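Chain identifiers are assigned alphabetically (A, B, ...) following the order of the sequence lines, protein sequences preceding nucleic acid strands; residue numbering begins at 1 within each chain. Please read all numbers here as calculations on a predicted model, not as lab measurements.
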Number of protein chains: 2
Amino acid sequence: MSRAVSDPNNATSYHHGNLREALLSAAVDSIREQGAENLSLRALARVVGVSQTAPYRHFADKNGLLVELARQTFDELSGITSGRIDASLSCADNLLRAGEAYLRYAIANPEKYRLIFGSSIVHREQYPPLQTAARSAFNVLLQLMADGTRRGEFLHTDPMILANNCWSSIHGFALLTIDGVFARKEQPLGFDDMLTTHLQLTLRAISREPQERPDFAPFSD
Amino acid sequence: MSRAVSDPNNATSYHHGNLREALLSAAVDSIREQGAENLSLRALARVVGVSQTAPYRHFADKNGLLVELARQTFDELSGITSGRIDASLSCADNLLRAGEAYLRYAIANPEKYRLIFGSSIVHREQYPPLQTAARSAFNVLLQLMADGTRRGEFLHTDPMILANNCWSSIHGFALLTIDGVFARKEQPLGFDDMLTTHLQLTLRAISREPQERPDFAPFSD
DNA sequence: GCGGCATGTTTACACCGAAAACATACTATG
DNA sequence: CATAGTATGTTTTCGGTGTAAACATGCCGC
């Protein structure tokens with residue numbers, strides 16, 4: 001195991017030894033607390049204990065650092081959702097399971113979720129690795145739609161149409177929750193029931209034979 | 001008609017005469033071109049031809065100006081959607097009509113739409129007029145859900161549940177479209193059909209008796 | 001052992017939001 | 001009509017930002 005970098009424990013060494021990772025880690029903390037809009041490369045450098053321009057040795061600019069964070073976030077989402085898909089279950093169940101995992105991740109990591117969409121990052125199209133990671137995350141859903149269509153569980157149409165619909169619904173729910181738009185005290189359901197209910201309605205939109213009376217919590221009669 | 005302000009045509013007058021409106025107008029242009037994150041009060045002041053701190057006479061800070069823009073945007077959304085609701089039509093049709101108007105507005109005014117959600121504005125809760133405007137916009141949808149439930153068109157449950165679902169779905173679609181996430185060239189439908197289809201699926205989620213085979217464009221068989 | 005290259009620092013510039021002290025001119029009151 | 005008060009705009013200043021350029025350091029391969 002070659003010692004390719006200087007000892008990170010040696011605080012006096014000229015080279016940091018692990019600046020890139022340290023910056024990314026500090027950046028995650030920063031956006032979690034203050035949002036991506038308020039991220040400052042100089043502040044990051046101070047936190048890590050390095051001069052204010054050192055980050056530019058590892059990232060072309062601030063946008064470059066955000067792009068890398070976004071790429072990691074897409075990969076995490078891919079892993080979390082695909083990890084919940086079980087070929088022995090119905091596609092409907094898999095959609096509920098993966099959807100729940102997606103929503104819980106988004107809500108537990110609001111700033112990272114906002115980062116990967118939204119406009120903190122500019123010129124996304126100029127970063128192929130970011131595009132690839134985003135595409136992989138979407139493919140989990142697209143594949144599920146294709147399976148469900150083939151098995152007759154979902155409406156028999158182009159899977160892209162179904163995937164767009166599901167994604168819109170789940171994405172919108174995630175953002176409205178993150179943005180605190182669902183005024184909590186007016187809600188008839190607790191958060192977990194609200195999440196489950198939303199996913200069941202999302203599923204209902206694309207199911208071939210939707211239940212006339214879905215079994216979510218409180219019907220008002 | 002009293003001349004409450006100095007002649008706006010007199011470019012040499014010390015007082016601008018209409019600074020507040022001029023700043024808001026310039027701000028709309030600016031965020032349309034560069035997004036709300038890049039809005040600069042100083043740049044606005046230059047455009048309008050006034051000193052760099054003059055805007056602070058009309059807005060407590062940059063956030064205050066953004067809040068006012070957001071309030072106006074919510075009001076525009078309320079007007080556009082409620083204007084499409086026709087009591088002589090079914091609630092389902094009204095949802096499709098209002099939903100289409102909402103989406104077209106959002107997509108035609110992406111930066112304004114992003115502004116009213118998202119995190120460019122901070123401490124939203126400290127601006128009651130903004131809250132009121134947002135609430136009014138949501139109430140258009142909530143009222144429609146209540147009507148549809150009462151008339152037996154929509155699932156018989158708390159209208160808030162249905163409204164949350166519809167709003168999530170439409171909001172998500174708007175943002176994914178605005179953010180350019182729906183890679184156009186892979187889509188099986190043109191944009192108008194895609195919009196219509198999404199709304200029909202959104203309606204299907206909450207309809208009491210959803211069609212088994214909705215009549216949107218291309219089934220793949 | 002030494003030269004090159006990756007990594008870090010110093011310095012500098014142009015921009016920003018915002019606070020404080022000051023200047024101007026509209027408007028309401030006598 | 002005169003003038004005092006107030007709303008509006010300016011100047012100055014501060015601390016913060018992104019990032020480019022020139023320079024310093026020290027690790028790694030020859």
Side-chain angles (χ1 to χ4, degrees), chain A residues 1-24 26-27 30-31 33-69 119-123, chain B residues 1-24 26-27 30-31 33-69 119-123:
Chain A
M1 197 183 293
S2 73
R3 191 164 141 284
V5 297
S6 66
D7 184 356
N9 298 323
N10 180 358
T12 68
S13 79
Y14 183 87
H15 285 79
H16 180 283
N18 211 14
L19 225 203
R20 183 184 161 91
E21 301 313 316
L23 287 170
L24 286 171
S30 171
I31 70 169
E33 289 163 20
Q34 327 181 36
E37 2 265 331
N38 298 339
L39 184 95
S40 153
L41 279 197
R42 287 164 97 117
L44 248 42
R46 281 193 297 271
V47 166
V48 172
V50 101
S51 82
Q52 58 190 21
T53 59
Y56 288 89
R57 289 291 153 190
H58 298 274
F59 301 98
D61 52 21
K62 184 176 163 179
N63 200 50
L65 188 150
L66 291 176
V67 164
E68 175 58 17
L69 283 185
S119 48
S120 296
I121 293 175
V122 295
H123 307 314
Chain B
M1 198 183 295
S2 74
R3 192 163 139 286
V5 296
S6 67
D7 183 357
N9 298 323
N10 180 359
T12 67
S13 81
Y14 183 87
H15 285 78
H16 180 282
N18 211 15
L19 224 202
R20 182 184 163 90
E21 301 313 317
L23 286 170
L24 286 170
S30 172
I31 70 169
E33 289 163 20
Q34 327 181 36
E37 2 264 331
N38 298 341
L39 184 95
S40 152
L41 280 197
R42 287 163 98 117
L44 248 42
R46 280 194 297 271
V47 166
V48 172
V50 102
S51 83
Q52 59 190 21
T53 59
Y56 289 89
R57 289 290 151 188
H58 297 274
F59 301 98
D61 51 22
K62 184 177 164 180
N63 200 50
L65 188 150
L66 291 176
V67 165
E68 174 58 16
L69 282 185
S119 49
S120 295
I121 293 175
V122 296
H123 307 315

Checklist entry - A:L65 near the nucleic acid: base, sugar-phosphate alone, or nothing, with a heavy-atom cut-off under 4.0 Å? => result nothing

Checklist outcome for this item: From CD of A:Q34 across to C1' of D:dG16 the rounded distance in Å is 13 Å

Item to check | Heavy-atom closest contact (A:I31 atom, A:A36 atom, distance) | outcome: CG2-CA, 3.7 Å

Item to check | Whole angstrom value for the distance that separates P of C:dC15 from CG of B:L39 | outcome: 17 Å

Checklist entry - Taking N and O atoms by type only, does the side chain of B:R42 place a donor or acceptor under 3.5 Å from a partner on the base of C:dG17? => result yes

What donor-acceptor contacts under 3.5 angstrom involve side-chain atoms of residues 38-46 of chain A, with partners at least two apart or in another chain?
from  : atom 1 : to    : atom 2 : distance (Å)
A:N38 : ND2    : A:Q34 : O      : 3.0
A:S40 : OG     : A:R42 : N      : 3.3
A:S40 : OG     : A:A43 : N      : 2.9
A:R42 : NE     : A:Q52 : OE1    : 3.4
A:R42 : NH2    : A:Q52 : OE1    : 3.1

Item to check | Protein-nucleotide distance (A:L19, atom CG; D:dG26, atom P), rounded to Å | outcome: 15 Å

Next on the checklist: Can you tell me which residue among B:L19, B:L23, B:N18 is in a side-chain contact (heavy atoms from CB on, under 4.5 Å) with B:E21?
Outcome noted: B:N18

Checklist entry - Cut-off 3.5 Å, side chains only: do A:E37 and B:S120 have a donor facing an acceptor? => result no

Item to check | Nearest-angstrom distance from the residue atom CD of A:Q52 to C1' of C:dA12 | outcome: 10 Å

Item to check | Among C:dG8, C:dC15, C:dA18, the nucleotide that comes nearest once only the side chain of B:R46 is considered | outcome: C:dC15

Checklist outcome for this item: Rounded to whole Å, the CG-C1' distance (B:L66 to C:dA18) equals 15 Å

Checklist entry - Separation of A:N18 atom CG from C:dT7 atom P, in whole Å? => result 11 Å

Checklist entry - Are A:S40 and D:dG18 close enough that a side-chain N or O sits under 4.0 Å from OP1 or OP2? => result yes

Next on the checklist: Please enumerate all residues that pass side-chain hydrogen bond (donor to acceptor under 3.5 Å, both in side chains) together with B:E68, with sequence neighbours excluded.
Outcome noted: B:R71, B:Q72

Item to check | For atom CG of A:N38 and atom C1' of D:dG18, their distance in whole Å | outcome: 15 Å

Checklist entry - Between atom CG in B:L23 and atom C1' in D:dT8, what is the gap in whole Å? => result 12 Å

Checklist entry - Could you state the interatomic distance from CG (B:L69) to CZ (B:F59), rounded to the nearest 0.5 Å? => result 7.5 Å

Next on the checklist: What residues from residues 53-62 of chain B pass a heavy-atom cutoff of under 4.0 Å to DNA chain C?
Outcome noted: B:T53, B:Y56, B:R57, B:D61, B:K62

Checklist entry - Taking only residues two or more places apart in sequence, or in another chain, which ones meet B:N63 in a side-chain contact (heavy atoms from CB on, under 4.5 Å)? => result B:D61, B:V67, B:I121, B:V122, B:Y127

Checklist entry - Is a donor-acceptor contact shorter than 3.5 angstrom present between the side chain of B:R20 and the base of D:dT8? => result no

